[in-house]
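In listed order, ligands and their atoms are each counted from 1. Since this is a predicted model, take the numbers as computed values, not measurements.
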Amino acid sequence: MSAAAPKAAIIGVGSIAGSHYAGYEAAGVEVVALCDVNPLALSARGEQWGVGRWHTNINELFAEGGFDMVSIAAPTSVHHPATMAAAAAGVHVLVEKPIALDIGLADEMIEACSAAGVVLMVNHQLRSSGAVRKARELIRAGAIGRITNVRLRQAHDWGGRTSVAPGFSVRTTSGGGTLLDNGCHLADLALHLGGAVESIYARLTNTKFDIEVEDTAHASLSYANGALGLIETAWTATGWEDAFWVYGTEGALESTNRYGPPTLRHLHRSSPGGNWDETDVTEYRFTGHGAHVRHVMAFVTAVKGEGPVICTGEDGREAMRLILAAYASADLGAPVRPTEVT
Ligand SMILES: NC(=O)c1ccc[n+]([C@@H]2O[C@H](COP(=O)([O-])OP(=O)(O)OC[C@H]3O[C@@H](n4cnc5c(N)ncnc54)[C@H](O)[C@@H]3O)[C@@H](O)[C@H]2O)c1
């Protein structure tokens, strides 16, 4: 990276791009260029953020250069070509989830960034939430003993809307429904918190919206260490839900956004004389930036060589492999090993 202050560009300036911009702002990185195929979106974001350089073409963006890192916040089909162009230009990449809809494409992105010596980080931002970071630290320190069960839930109702946007509801553009869209984050968490998954068995249903992809899904996990897990995703919830529970032989970790600001509760039996339903509880509260902003800040730190890549291209690929195995299992009506997905 140049010795001058690092600069960034953003490809795709739609809804999630706002979190990327906020992250760069918090990290003190200037966003110098925007790229989007929609000129109206470009001018709206350009004016909102005070960024005067706009491109409607990715090749043009990289040909002009002038930045060290790029956020790829365009639709998933754009993740591969944009990452390949960034690697060819020697630019570090923060790519949105899912990394790609296909394992082969993800491999090419990983190889290209590795050969170019640039960072490739995937925006599974839940890893950067205070609750997940603390939970992983406690798990690794043995605070809950051996993990027995992991339960993960992400669900919403499209903000109360009565329809699902075509980009999400039509299989050719989305690649899948809630199991892919929300589930890829949870697949990443399942691996990040619980370790290797041996097999997955998913059940999909469509209960609310008249669309061709699932609006509700469960996926049962069998971990290599014998533990069980459950991924729950839905577009049929009420409001927004982000929650995880990790149970161990010596304690449990619980986090949900449903009852107030995000916290992590560590339940344990440290005090003598506890009864059936009373346990000791250590509660952690987190202030400051949310997960999205923290994740972009972590990317900038990794680009500067001052910290680890919190979610690598390989991590993003393995989350996607688990989701592809889940879809295969739903088709088959039987568990599928992620190792069978290539
Ligand atoms: N990390 C998260 O929690 C999270 C949340 C939402 C979306 N996402 C991911 O972010 C990506 C974008 O989702 P969104 O909800 O912001 O979509 P969006 O439709 O709001 O925005 C996407 C933008 O990309 C632009 N675009 C389309 N093709 C392009 C191209 N070839 N080059 C440049 N720009 C192009 C569109 O014009 C649009 O402005 C998807 O991969 C999605 O899965 C991640």
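Relative to atom 35 (C) of ligand 1, the option among V37, L42, V78 with the closest non-hydrogen atom is V37. Considering only non-hydrogen atoms, atom 9 (C) of ligand 1 lies nearest to K97 out of H185, K97, H292. Considering A73, A100, A291, S15 only, the shortest heavy-atom separation from atom 22 (C) of ligand 1 involves A73. For atom 27 (C) of ligand 1, the nearest non-hydrogen atom from the set P75, G14, A82 belongs to P75.
Scanning all protein heavy atoms for the shortest distance to atom 37 (O) of ligand 1 gives D36 OD1, 2.6 Å. Of the protein's non-hydrogen atoms, A74 O, 3.3 Å is the one closest to atom 11 (C) of ligand 1. Counting protein heavy atoms only, atom 44 (C) of ligand 1 is closest to E96 OE1, 2.9 Å.
In this structure a side-chain-to-backbone donor-acceptor pair under 3.5 Å is present from N206 to I211.
Counting heavy-atom neighbours within 6.0 Å of R53 CZ, excluding the residue itself, gives a total above 12. In this structure, R285 places its CZ atom where only 12 or fewer heavy-atom neighbours from other residues, nucleotides or ligands lie under 6.0 Å away. Environment of CZ in R258: crowded, with over 12 heavy atoms of neighbouring residues, nucleotides or ligands closer than 6.0 Å. Heavy atoms from other residues, nucleotides or ligands lying under 6.0 Å from CZ of R136 number more than 12.
Protein heavy atoms are absent from the 4.0 Å sphere centred on atom 19 (O) of ligand 1.
In the hydrophobic clustering of this structure, L126 groups with I147; members are Ile, Leu, Val, Met, Phe, Trp, Tyr whose side-chain heavy atoms approach within less than 4.5 Å, directly or through other members.
The distance from ligand 1 to the heavy atoms of N123 drops below 4.0 Å at these ligand atoms: 1 (N). When each atom of ligand 1 is checked for a heavy atom of I11 under 4.0 Å away, the hits are 33 (C). Close contacts between ligand 1 and N38 involve ligand atoms 37 (O) [criterion: under 4.0 Å to a heavy atom]. For ligand 1, the atoms sitting less than 4.0 Å from at least one non-hydrogen atom of H79 are 41 (O), numbered in the order shown with element in parentheses.
Exactly one of H192, K97, E96 qualifies for a side chain to side chain contact (heavy atoms under 4.5 Å, CB included) with H124. That residue is K97. If you run salt bridge (Lys or Arg N to Asp or Glu O under 4.0 Å) between D188 and each of R127, R317, R321, only R127 comes through.
Checked by distance only, ligand 1 and I16 come closer than 3.5 Å through their nitrogen or oxygen atoms.
The distance between the ring centers of Y24 and F67 does not fall below 6.0 angstrom.
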